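Presented below is the structure to which this report refers.
Keep in mind that this is a model prediction, so the values were computed, not measured.
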Amino acid sequence: MRLTVAQALVRFLGAQHVERDGGRERFFAGCFGIFGHGNVAGLGQALQQHADVLPYHPARNEQAMVHAAVGYARQRNRLGAFACTTSVGPGATNMVTGAALATINRLPVLLLPGDTFATRTPHPVLQQLEVTHDATVSVNDCFRPVSRFYERVERAEQLIPAALEAMRVLTDPGETGAVTLALPEDVQAEAFDFPEQFFAERVWTVYRQPPAPEAVARAAGLIRGAQRPLIVAGGGVIYSEATAALRAFAEATGVPVCETQAGRGALVSDHPLSLGAVGATGTAAANRLAREADVVLGIGTRWSDFTTASKSAFQDPDVRFVNVNVTSFDAAKHSGLPLVADARVALDALREALAGHRAPSVWEERAADEARAWAAEVERLVAPPEDDAALPHQAAIIGAINDAAGETGVVVCAAGSAPGDLHKLWHARDPAGKGYHVEYGFSCMGYEIPGGMGVKLAAPEREVFVFVGDGSYLMLPGELVTAVAERIPIVIVLVDNHGYASIGALSRSVGSAGFGTHYRRSDNAALPVDDEAGTALARPAETLPVDLAANAASLGARVVRTRTIAELRAALADARGADGPVVVHIEADRYAGVPSYESWWDVPVAEVSDEPSVRAAREGYEAARAAQRVHLQTP
Ligand SMILES: Cc1ncc(C[n+]2csc(CCOP(=O)(O)OP(=O)(O)O)c2C)c(N)n1
Ligand SMILES: [Mg+2]
């Protein structure tokens, strides 16, 4: 069939399906894009012609549209995705950040940046990078390190293997991430006789890989011998829909469960074996048990520094790790016993292998006691301030969102002080673990609004609450316009503390007094910075005359200004049933942070400085670093 390369690609994408456990669905929900000379005539024409198989959604910023695609894919447990098309040059490179985010979080997105002419005839074309010693280089080479598969389609027939390979990678839970097919603008518009079969419906089955029986037996042996076993549940538990299997395993064995950012909510918070967040942003309950654990069963986790508290979380000198993961790369971490497998199948197999076994009851009781104590601490933290005139604390804002979300709502966040607070405080209620969506692989400011849009597109039946700080908001507010245009009813809680509260606190902790983390006029270098205790020196006179609520309203969102937690609660209730985005603005006390609980994060402090505060911080840093462990114990 004679089609242009772009037409063939769109028709191919529309014919791809994915299935797991027998359910079969179309893989691509649509295509986000921004047109320029590098894609308007090729892919633009094809998308117009084939809008029935691949609906087109215009975005406002290329980075943001990848975030929306990522939000969608995550909410769909990687069983659905969007394509993203851009022009050549800046449109394409704007997607690089989104690509890195997708790949780091192991979430499927198909990126289709336009590229410069394969024929090279009109070179240098508008927006082309010229590299004098290498004619094959284009700005799209920036996608190589951040893509799980990269191909530049320079001949029409190359599309066939490229498209098939793209689908293999996108639908493989162990390999997935950003897939980039760079499409030279001339090739997009070129016609070719594609075989009919290329457009036939194709089903990509995501099989649940079983673990090797010997590995299960060894893992079961280790867990049987453990006095203080602990589960660390990662995103893989949720993506593989293994939350019920996790609960069954924990209940059968009495092994307590703590969670990474991506795995938060894998076990509902009310469960007596739920210790909540672990690591640098962990709960006292989880971090205490982690410190003493002798066998740690990591499931679907890539063991980031936040999870391991920069390798200081697990202090038993003989601690052993068992890693259930779809990739051998993650399964091998911490010298662990690798169980390369789907999380659900592995959990069921382990439960069977451990039939009749239970962790020592003192350990289980200890977990339940710590969990209860932590629940009381959360209640204390999320309580609204008694003084109505005081600025609300972020913890109370989280409490209000948590209540509004109920069992089925989803909270979306990515950067700032909120991810750590949410990780600690969020009361997870959805048994499927889909109520908590914090992008913390890349922790990319600006993800929140477009990411939340993607979540809502994937789960229209759920209420979506985007938690966005003023700093993150300013990075990518433009996608609000897309939410207005597409009538995507998300609720955005814009928490304004006039700057980077998170990095300000970090700066104070390294002795640098919040330097450069306030929004204020920078024409006066002598302005005081925060004192060490974090006393508010950001006097109103120094606060910039910026009105973010007015900004959101100007982009077409419905905006509600709130001042107290009671007003916030009322606004969240009121936002139900809106037919577009609602922005609820609230000012928060930037110094009323949630503390960390018996944990640490490795941020290197200057080794020499004239500042006593830096020298003191360095001393503390060196002491803390002594707790770092290299896990070399073999199972
Ligand atoms: C794109 C990007 N740039 C820089 C950072 C580093 N960073 C992490 S949090 C943060 C400040 C976020 O400010 P805001 O959204 O207001 O949240 P707050 O810290 O006030 O809670 C910065 C600059 C980042 N995570 N992402
Ligand atoms: Mg802020």
Side-chain angles (χ1 to χ4, degrees), residues 32 38-39 61-71 73-74 78 81-116 118 127-154 158 161-184 235 261-262 301-306 325-333 414-415 439-447 450-451 475-476:
F32 291 113
N39 63 339
N61 174 291
E62 292 88 353
Q63 179 186 326
M65 75 193 183
V66 185
H67 294 339
V70 165
R74 175 163 165 180
R78 310 197 275 220
F82 269 90
C84 298
T85 170
T86 73
S87 189
V88 298
T93 54
N94 265 359
M95 283 204 298
V96 173
T97 298
L101 185 151
T103 292
I104 287 166
N105 284 286
R106 320 264 168 92
L107 292 165
V109 295
L110 176 61
L111 307 181
L112 305 171
D115 212 323
T116 50
Q127 301 168 320
Q128 177 176 336
L129 169 77
E130 291 179 277
V131 174
T132 52
H133 65 274
D134 187 345
T136 70
V137 169
S138 90
V139 295
N140 285 343
D141 288 298
C142 296
F143 284 102
R144 289 176 190 267
V146 291
S147 298
R148 294 311 305 269
F149 177 71
Y150 174 88
E151 169 74 298
R152 183 195 244 144
V153 181
E154 300 207 307
Q158 217 182 318
L164 292 169
E165 198 57 14
M167 284 308 302
R168 180 187 69 77
V169 173
L170 286 168
T171 57
D172 180 327
E175 286 208 27
T176 197
V179 165
T180 303
L181 300 184
L183 302 168
Q261 278 281 10
T301 171
R302 53 189 201 97
W303 290 116
S304 82
D305 67 339
F306 266 76
N325 209 288
V326 284
T327 73
S328 61
F329 179 77
D330 289 316
K333 287 177 178 172
E439 185 283 294
Y440 216 62
F442 212 37
S443 186
C444 184
M445 291 169 76
Y447 174 84
M475 286 262 175
L476 281 176

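- Checked by atom type and distance alone, the side chain of Asn105 pairs as donor or acceptor with a backbone atom of Leu101 at under 3.5 Å.
- Looking at Arg106 and Glu175, no side-chain N of the basic residue comes within less than 4.0 Å of a carboxylate O on the acidic one, giving no salt bridge.
- What you find for Gln127 and Ser87 is that their closest heavy atoms are OE1-OG, 4.4 Å.
- Here the CD-CD distance, from Glu439 to Gln261, works out to 9.5 Å after rounding to the nearest 0.5 Å.
- The shortest heavy-atom contact between Gly174 and Thr327 is O-CG2, 3.2 Å.
- Considering every non-hydrogen atom in both Val146 and Thr103, the closest pair reads O-OG1, 2.6 Å.
- Here CE of Met65 is found 12.0 Å from CG of Leu476. Values are rounded to the nearest 0.5 Å.
- With Thr180 contributing its side chain and Ser147 its backbone, the two residues share no donor-acceptor pair below 3.5 Å.
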query = Asn140 and Tyr150: side chain to side chain contact (heavy atoms under 4.5 Å, CB included), yes or no, with the steps?
reply = CA-CA 10 Å; Asn140 285 343; Tyr150 174 88; 3.7 Å; yes
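- Side-chain contact between Leu111 and Val179 is absent, with no heavy atoms from C-beta onward closer than 4.5 Å.
- Between Ala162 and Val153, the shortest heavy-atom distance links the atoms CB-CG2, 4.2 Å.
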key: From CA spacing to verdict: side chain to side chain contact (heavy atoms under 4.5 Å, CB included), Arg152, Leu183   = CA-CA 6 Å; Arg152 183 195 244 144; Leu183 302 168; over 6 Å; no
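- The main-chain N or O of Thr86 is found under 3.5 Å from a side-chain atom of Asn39 such that the two form a donor-acceptor pair.
- Thr176 places none of its side-chain heavy atoms less than 4.5 Å from the side chain of Thr171.
- In this structure, Asp115 and Ala182 approach most closely via the heavy-atom pair OD2-CB, 3.5 Å.
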query = Between Thr93 and Glu62, is a side chain to side chain contact (heavy atoms under 4.5 Å, CB included) present by the stated rule, with each step listed?
reply = CA-CA 8 Å; Thr93 54; Glu62 292 88 353; over 6 Å; no
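- Ser443 places a side-chain N or O within 3.5 Å of a backbone atom of Ala414 that can act as its donor or acceptor partner.
- In this structure, the ring-ring contact (aromatic ring centres under 6.0 Å, His included) partners of Phe32, at least two apart in sequence or on a different chain, are His57, Phe82.
- Here the CE-NE2 distance, from Met475 to His67, works out to 10.0 Å after rounding to the nearest 0.5 Å.
- Atom CZ of Arg74 and atom CG of Leu107 lie 7.0 Å apart (nearest 0.5 Å).
- The shortest non-hydrogen separation linking Ala64 to Pro450 is O-CB, 3.2 Å.
- Judged by distance alone, with hydrogens and angles left aside, the side-chain atoms of Gln158 form a donor-acceptor pair with the main-chain N or O of Glu154 at under 3.5 Å.
- With Asp330 contributing its side chain and Trp303 its backbone, the two residues share no donor-acceptor pair below 3.5 Å.
- Judged by distance alone, the side chain of Asp141 and the main-chain N or O of Ser138 form a donor-acceptor pair under 3.5 Å.
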query = Does the side chain to side chain contact (heavy atoms under 4.5 Å, CB included) test come out yes or no for Leu110 and Leu181, once each step is laid out?
reply = CA-CA 8 Å; Leu110 176 61; Leu181 300 184; 4.2 Å; yes
